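Here is the structure we will look at, set down as structure tokens.
Owing to the predicted nature of the structure, the values given are computational and were not obtained by experimental measurement.
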Amino acid sequence: MSKRVYMDYAATTFLREEVIEEMKPFLNEFFGNPSGIHEFARISKNAIEKAREMVAKALHCQRKEIFFTSGGTESNNWAIKGVAFANRKKGNHIITTKIEHHSVLYACKYLERHGFKVTYLDVEKDGRVSVNQLKKAMTDKTILVTIAFANNEIGTIQDIEKISELCHERNIIFHTDAIQAVGRVDISLDKYKFVNLLSISGHKIYGPKGIGILYIKEGTQIENYIHGGSQEKGRRSGTENVYGIVGIAKAMELVCMEVEKEDKRLTELRDYMIGTILKEISDSKINGSIVHRLNNNVNVCFQGIEDEGILLSLDLKGICASSGSSCNSGSINSSHVLQAIGISPIEAQGSVRFTLGKKTTKKEIDYVVSVLKEIVDRYRDASF
Ligand SMILES: *Cc1c(COP(=O)(O)O)cnc(C)c1O
């Protein structure tokens with residue numbers, strides 16, 4: 001096999017044909033500024049409102065609860081800082097976990113420098129948040145809980161239903177970074193009715209980069225984050241990214257429609273890959289929960305080996321994978337997520353993340369596992 005094998009879908013995805021087709025007219029033909037008052041502007045404006053409708057349908061929520069942003073990072077920053085500043089009269093305490101994406105962790109760190117107190121919850125060995133521990137961490141000063149629906153490194157899925165219900169009972173706003181969960185888990189908001197805010201990113205769901213969504217449940221107290229013009233009902237300024245908005249809406253419609261079918265296919269492939277690795281390669285072990293796990297995540301530790309070496313060798317064979325999280329690649333520090341689930345720095349160094357997606361086949365998995373076996377054997381032989 002000489003072609004490239006892409007197993008880094010948690011880092012980003014390709015643009016689907018259907019999404020490209022939807023976006024095309026807005027790249028050149030219809031470029032009107034949606035804020036204008038002419039026919040040309042109205043075409044863009046209408047496209048945005050149609051997109052909002054599509055997203056609301058896919059998420060089972062109201063149109064007016066959907067806001068378009070510049071991506072997952074902005075959605076998380078807006079949710080966390082916006083809620084914190086809008087509710088600081090009620091309290092200054094925020095709860096999150098030690099395994100959040102950096103766009104959540106560093107937004108919280110920023111708030112700590114501005115008078116807020118943040119609790120970073122430990123997680124269990126399988127990456128799950130203990131609802132009991134969360135309950136204990138809550139005080140009458142707690143205004144916000146932010147916990148990702150599913151982790152981007154080890155794929156652990158949290159009990160969002162229970163967590164959000166607990167927050168609701170305590171009158172605490174709940175935000176979830178659902179960026180890895182969308183399209184892989186059914187996140188319909190009629191099922192998760194106590195979620196106040198939810199973040200989505202276009203490029204993780206076969207849509208464009210640089211576009212995101214923040215769902216804000218009606219009545220949620222939140223301040224604006226980007227100030228300027230009166231776009232998005234005056235709540236998120238800046239000339240709208242019309243083709244991005246049209247693209248993410250189409251991507252949302254498709255992934256939410258296909259979630260069940262894809263779940264069956266990906267779960268089979270993931271379990272096949274995990275099974276084959278554990279059988280073929282000695283001293284290998286899976287990081288994170290086996291049961292509460294995203295259907296496309298294979299995070300595996302090869303004891304006694306360094307991930308940099310494995311990744312470089314995989315790359316030479318045309319295989320794209322990732323060490324822990326793409327944001328961490330190239331840095332010496334081991335992943336904060338692996339550390340939080342009790343993986344030693346040495347073991348974390350031998351950990352590689354493969355994430356599967358639309359184009360992944362069984363044949364690709366067989367190829368990757370055979371190459372992996374070769375690499376791991378070679379490294380282990382060399383080190384004795
Ligand atoms: C990718 C990702 C983000 C950041 O989204 P961008 O659109 O790349 O800014 C945030 N959280 C999680 C869990 C992610 O996987």
If only atom types and distance count, is the side chain of Gln158 paired as donor or acceptor with the main-chain N or O of Gly127 below 3.5 Å? yes
Between Ala11 and His203, what is the shortest heavy-atom contact and its length? O-CE1, 3.4 Å
With distance as the sole test, does Trp78 use its side chain to make a donor-acceptor pair with the main-chain N or O of Thr73 at under 3.5 Å? no
For the residue pair Ile94 and Ala84, what are the closest heavy atoms and their distance? CD1-CB, 4.1 Å
For a quick check under 3.5 Å, do Glu100 and Thr146 share a side-chain donor-acceptor pair by atom type? no
Under 3.5 Å: donor-acceptor pair, side chain of Lys98, backbone of Ala340: no
Distance-minimising heavy-atom pair for Ser322 and Leu311: N-CD2, 3.7 Å
Run through Asp8, Val300, Asn297, Val5 and flag the one making a side-chain contact (heavy atoms from CB on, under 4.5 Å) with Phe354. Val300
With a 6.0 Å cut-off (strictly less than), is the heavy-atom count around CG of Asn171, excluding the residue itself, greater than 12? no
Are Tyr379 and Ile277 grouped together when hydrophobic residues (ILVMFWY) are joined by side-chain heavy atoms under 4.5 angstrom apart? yes
Identify the two heavy atoms, one from Arg380 and one from Gln303, that lie closest to each other, and give their separation to 0.1 Å. NH2-O, 2.9 Å
Take Glu74 and Tyr225, measure what side chain to side chain contact (heavy atoms under 4.5 Å, CB included) needs, and give me the verdict at the end. CA-CA 9 Å; Glu74 184 191 322; Tyr225 178 61; 4.2 Å; yes
Counting only heavy atoms from other residues, nucleotides and ligands, does the tally under 6.0 Å from CD1 of Ile290 exceed 12? yes
Between Thr13 and Lys358, does the side-chain hydrogen bond (donor to acceptor under 3.5 Å, both in side chains) criterion hold? Intermediate values first, please. CA-CA 9 Å; Thr13 58; Lys358 280 235 162 286; over 6 Å; no
Minimum heavy-atom distance between Thr119 and Ala137, given as atom pair plus value: CG2-CB, 4.2 Å
Of all the heavy-atom pairs spanning Asn28 and Lys24, show the shortest one and how long it is. OD1-O, 3.5 Å
For Ala10, does its backbone N or O pair with a side-chain atom of Gln180 as donor and acceptor, under 3.5 Å? yes
Indicate, with yes or no, if Val259 and Leu254 share a hydrophobic cluster defined by side-chain heavy-atom contacts under 4.5 Å among Ile, Leu, Val, Met, Phe, Trp and Tyr. no
Evaluate the criterion side chain to side chain contact (heavy atoms under 4.5 Å, CB included) for residue pair Leu278 and Ser284; output intermediate values, then yes/no. CA-CA 6 Å; Leu278 294 181; Ser284 56; 3.8 Å; yes
Within the supplied structure, the quantity of interest is the number of heavy atoms (other residues, nucleotides, ligands) at a distance under 6.0 Å from Glu161 CD; does it exceed 12? no
Criterion side-chain hydrogen bond (donor to acceptor under 3.5 Å, both in side chains) on Ser188 and Asp186, from CA distance to verdict: CA-CA 6 Å; Ser188 302; Asp186 181 3; 2.6 Å; yes
Evaluate Lys209 against Thr12 for side chain to side chain contact (heavy atoms under 4.5 Å, CB included), listing each step before the verdict. CA-CA 8 Å; Lys209 293 173 176 60; Thr12 196; 3.1 Å; yes
Check step by step if side chain to side chain contact (heavy atoms under 4.5 Å, CB included) holds for Leu59 and Ile66. CA-CA 10 Å; Leu59 282 175; Ile66 297 299; 3.8 Å; yes
So, the side chain of Arg52 versus the backbone of Ile245: is there a donor-acceptor pair under 3.5 Å, distance only? no
Just verifying a value: how many Å separate Thr156 OG1 and Arg128 CZ, rounded to the nearest 0.5 Å? 8.5 Å
Strictly by modelled atom types, are Asp366 and Tyr272 linked by a side-chain donor-acceptor pair under 3.5 Å? yes
Check the hydrophobic clustering (I, L, V, M, F, W, Y; side-chain heavy atoms under 4.5 Å; chains of links allowed) and say if Phe174 and Phe116 are grouped together. no
Going only through I, L, V, M, F, W and Y residues with side-chain contacts under 4.5 Å, is there a path from Val83 to Val195? no
Steps toward salt bridge (charged side-chain N to carboxylate O under 4.0 Å, His left out) verdict (Glu165, Lys162): CA-CA 5 Å; Glu165 197 178 346; Lys162 270 225 183 86; over 6 Å; no
Which label fits His336 and His102: parallel for a plane angle under 30°, tilted from 30 to 60°, or perpendicular past 60°? parallel
To the nearest 0.5 Å, how far apart are OG1 in Thr355 and CE in Met7? 9.5 Å
To the nearest 0.5 angstrom, please state how far the CD1 atom of Ile187 sits from the CD1 atom of Ile200. 4.5 Å
More than 12 heavy atoms from other groups under 6.0 Å of CZ on Arg63: no
Is it true that, when you exclude Ile346 itself, more than 12 heavy atoms of the residues, nucleotides or ligands shown sit nearer than 6.0 Å to its CD1? no
Taking Arg236 for its side chain and Asn224 for its backbone only, find out whether a donor-acceptor pair lies under 3.5 Å. no
Return the CD1 to CD distance between Ile341 and Glu153, rounded to the nearest 0.5 Å. 9.0 Å
Mark yes or no for whether Thr267, through its side chain, and Lys264, through its backbone, hold a donor-acceptor pair below 3.5 Å. no
To the nearest 0.5 angstrom, please state how far the NE2 atom of His175 sits from the OG1 atom of Thr220. 11.0 Å
Point-to-point distance, once rounded to the nearest 0.5 Å, from OG of Ser164 to CZ of Phe149: 8.5 Å
Main-chain N/O of Gly32 paired with Ser44 side-chain donor or acceptor, under 3.5 Å: yes
Should we say atom NZ of Lys57 is surrounded by more than 12 heavy atoms from elsewhere, each under 6.0 Å from it? no
Hey, is OH on Tyr243 packed in by over 12 heavy atoms from elsewhere, all under 6.0 Å? no
Group every Ile, Leu, Val, Met, Phe, Trp and Tyr by side-chain heavy-atom contacts under 4.5 Å, then state whether Ile310 and Val298 land in the same group. yes
Give a yes or no on whether the ring-centroid distance for Tyr206 and Phe14 is below 6.0 angstrom. yes
Salt bridge or not between Lys250 and Glu18? Use side-chain N to carboxylate O under 4.0 Å. no
Who are the side-chain hydrogen bond (donor to acceptor under 3.5 Å, both in side chains) partners of Asn287, not counting sequence neighbours? Asn299, Ser351
Between His168 and Phe194, how do the two ring planes meet: parallel, tilted or perpendicular, split at 30° and 60°? parallel
Looking at Arg270 and Leu294, would you say the former's side chain and the latter's main chain have a donor-acceptor pair under 3.5 Å? yes
Sidechain-backbone polar pair: Glu347 side chain, Ile343 backbone, donor-acceptor under 3.5 Å: no
Looking at residues at least two apart in the chain, or sitting in another chain, which of them share a side-chain hydrogen bond (donor to acceptor under 3.5 Å, both in side chains) with Asn92? none
Where at least one partner belongs to residues 103-112, residue pairs that pass side-chain hydrogen bond (donor to acceptor under 3.5 Å, both in side chains), sequence neighbours excluded: Asn76-Ser103, His101-Ser103, Glu112-Tyr120
